[in-house]
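Written below as C-alpha cells is the structure these notes are about.
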2 protein chains.
Amino acid sequence: MVANSLRARVRAEMIDEIKAVARRHLATDGANLSLRAVARDLGMASSAIYRYFPSRDDLLTTLILEAYVALGDAVEAADDAVDRDDLRERWFAGCRAARAWALANPAEYALLYGSPVPGYAAPDDTVEPAMRPPLTLIGIVRDGLAAGQLTPPPAADLPQPVRDDLADIAASLSPGMPAALLARGMAGWTQLFGLISFELFGRIKGGLPHRDDYFDHQIALMADLIGLPR
Amino acid sequence: MVANSLRARVRAEMIDEIKAVARRHLATDGANLSLRAVARDLGMASSAIYRYFPSRDDLLTTLILEAYVALGDAVEAADDAVDRDDLRERWFAGCRAARAWALANPAEYALLYGSPVPGYAAPDDTVEPAMRPPLTLIGIVRDGLAAGQLTPPPAADLPQPVRDDLADIAASLSPGMPAALLARGMAGWTQLFGLISFELFGRIKGGLPHRDDYFDHQIALMADLIGLPR
DNA sequence: AACCTGTCAAGAGCACTGCTCTCGAATTGG
DNA sequence: CCAATTCGAGAGCAGTGCTCTTGACAGGTT
C-alpha cells in the first residue's frame, strides 16, 4: 500500500495547504472568508476545493476545532510549566497564556468566542475541545482545594437553586468541590473571556497604555475572589 | 412647507419601515443580512433602498447606533427606577436590565458586542452611545463613594502603571474617584458582558436551568468585590 | 504491456449578493 | 404651468457558494 499512501500523503499536504491559506484569509476577512479567494491563492479552481472539504462551513469547522485545540494546548502548557503547588502563579500563567494566544491569533479567537456565525451550528466534536480551557483553570481551583490551600466560600452565599445546579456540575468535575467555589471559578473564567474580548474587539478605553499590567491586575482580583493564596 | 413635509414624512416612514424589516432579518441572518431580501420583503426593487441608505454598512451602522441607545436607555431607566441610596439594588437593576435587553434582542446584542464585522469600522458617532451602559454602572459606584457608603480598596493593590492610567480616566469621570475603585467597577462591567455573552452565545449550555439565579449570584459577587454594602 | 478504476482539476452554469447607472414617472417649489 | 427635484424600477457588473459534467492522470490488476 505504499503507492496508495503516496496519494494519501499528497492529499494530506493539500488539505494542510488549504487550511494554511484559509487561516491567512481569516485574519483579514473573518468568518466570511471566500472559498474562491482561497482557491485563487492556491492557483486552483474553486470547485477543486470541494474535493477536500465538502463545504465552506466544513472548512470553517475544521479551523474552529483546531483553534480550540491550540488554545487549550497553550493554556495547559502554561499551567504545566509552573510549580504545581504555586496556585496563584498557575492561575496567572493560564490566564496570560489564553490572552497571549488570543492576541497572536485574533481572527481565530473571534471565531471561537465572538458572535456565532448566523447559519452555522457547532457540531458536537467542538464541545469537548471548547471545554478544555475553562476546565484547566477550574483544575487549578480543584488542586488548591485538595491541597488545603484554599478555603471554600460559605455555601450560604449561593441561592438554593444555583447551589443545586452547580453541585451537579461540581460533582461531575471533582468530588467534594463546593458549589460556591465552582461559582467563583466560573466567574474567573467569565472575567478572563470578557477581558480578552474587550481588548481584542477594541472596546477598551483609549487611555490604557499598560494593558499587560491592567490585565494582570484584573486577573489578580479574580484570584483573590476565588481565594488563591498570595 | 407643508407640501415638502408630506414628502419628508413619507420618506421618514419609509426609512422606519426599512429599519424595521432589517431588524427582523437581523434576528435570523445576523450581520450578513441581505439588502435585496429586505427590499423583497418591502415589495420594492433593491436599488430603491439606496435612495434611503447609501450602503449596506450604513444601514447596519444605523441599527447599531439605535441599539446602543436602546440598551443605554434600558440600563439608565432601570437604575433611575430604584432608590438612589440603595446602591446594591441599583447595581442589580442596571445589570439585570442589560441582560434582559440582550435576551430580548439577541441579534442586536451580538452586533454590538460580538466579533467585529470584518470590513466594518465603527464611526465616531457610536463611541459615545457605546460608553453609556458602562458609565451608568460606574456612576453607581461614584454615587456610593460620594455618599460614603463605599470604602475604596487600598491603592497599593494597583501596580503603579495601572494606577496612573486609571487615575487619568477616573479624574475625567469623577474627581476624587480612586483608581483602584474604578478598576473594580470596570471588572464588574467586564463580568456583566462576559455573563451575557456566554449565556447568549450558547456556551453555558445544559446543567444550569436556573439562569436568572446564577446571573444574580455572579453579579452579587462583583457587587461584593466593588464593596457595595449589603 | 494493456486495462479497468478511483481520484482529481477544470469549466460551465445556477442562484444569490452589493452596488451603479440610466430612464421614465411622479411630486414639488417657484 | 413649468422646471427642478425626487423616486422606483430595470439592466448590468463583479463577486459569492455550490453542483454537475468532462477529460486527464495515477493505482493496482490481469
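Numbers restart at 1 for each chain; the letters A, B, ... are given by sequence-line order, proteins then strands.
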Self-check item: Set of residues satisfying side chain to side chain donor-acceptor pair (under 3.5 Å) with respect to B/H210, sequence neighbours excluded
Solution: A/D165
Within this structure, what is the [atom1]-to-[atom2] distance between [X] and [N], rounded to whole angstrom?
X     : N      : atom1 : atom2 : value
A/Y50 : D/dT21 : OH    : P     : 17 Å
A/L42 : C/dA10 : CG    : C1'   : 15 Å
B/Y52 : C/dC19 : OH    : P     : 18 Å
B/R51 : C/dC23 : CZ    : P     : 14 Å

Self-check item: Quiz item: A/S47 side-chain donor-acceptor pair to C/dA9 base, under 3.5 Å
Solution: no
Quiz item: Toward the 5' end of DNA chain C, which comes first, A/A45 or B/A37, by nearest nucleotide?
Solution: A/A45
Quiz item: Does the pair B/D125 and B/T61 meet the rule for a side-chain contact (heavy atoms from CB on, under 4.5 Å), with working shown?
Solution: CA-CA 9 Å; B/D125 316 4; B/T61 298; over 6 Å; no
Self-check item: Expected output: side-chain B/R184 to main-chain B/M222 donor-acceptor under 3.5 Å
Solution: no
Quiz item: Quick check: does any side chain N or O of A/T136 sit under 3.5 Å from a backbone N or O of A/V75, one acting as donor and the other as acceptor?
Solution: no
Quiz item: Which of the following nucleotides, C/dC19, D/dG8, D/dC18, is nearest to the side chain of B/M44?
Solution: D/dG8
Practice problem: Please determine, for the side chain of A/L35, which listed nucleotide (D/dA9, D/dG17, C/dG18) has the closest atom? | Solution: D/dG17
Categorize [X] for me: base, sugar-phosphate, or nothing, with a 4.0 angstrom heavy-atom threshold over every strand shown.
X     : answer
B/F53 : nothing
A/L59 : nothing
A/I49 : nothing

Can you give me the N/O atom pairs linking the protein to nucleotides 12-15 of chain D at distances under 3.5 Å, or say none if there are none?
{"residue": "D/dG12", "atom": "O6", "partner": "B/R36", "partner atom": "NH2", "Å": "3.4"}

Atom pairs and distances, donor-acceptor, side-chain atoms in residues 47-54 of chain B, under 3.5 Å, two or more places apart:
none

Practice problem: Just do the side chain to side chain donor-acceptor pair (under 3.5 Å) check on A/S197 and B/Y113 with the steps written out, would you? | Solution: CA-CA 9 Å; A/S197 296; B/Y113 295 105; over 6 Å; no
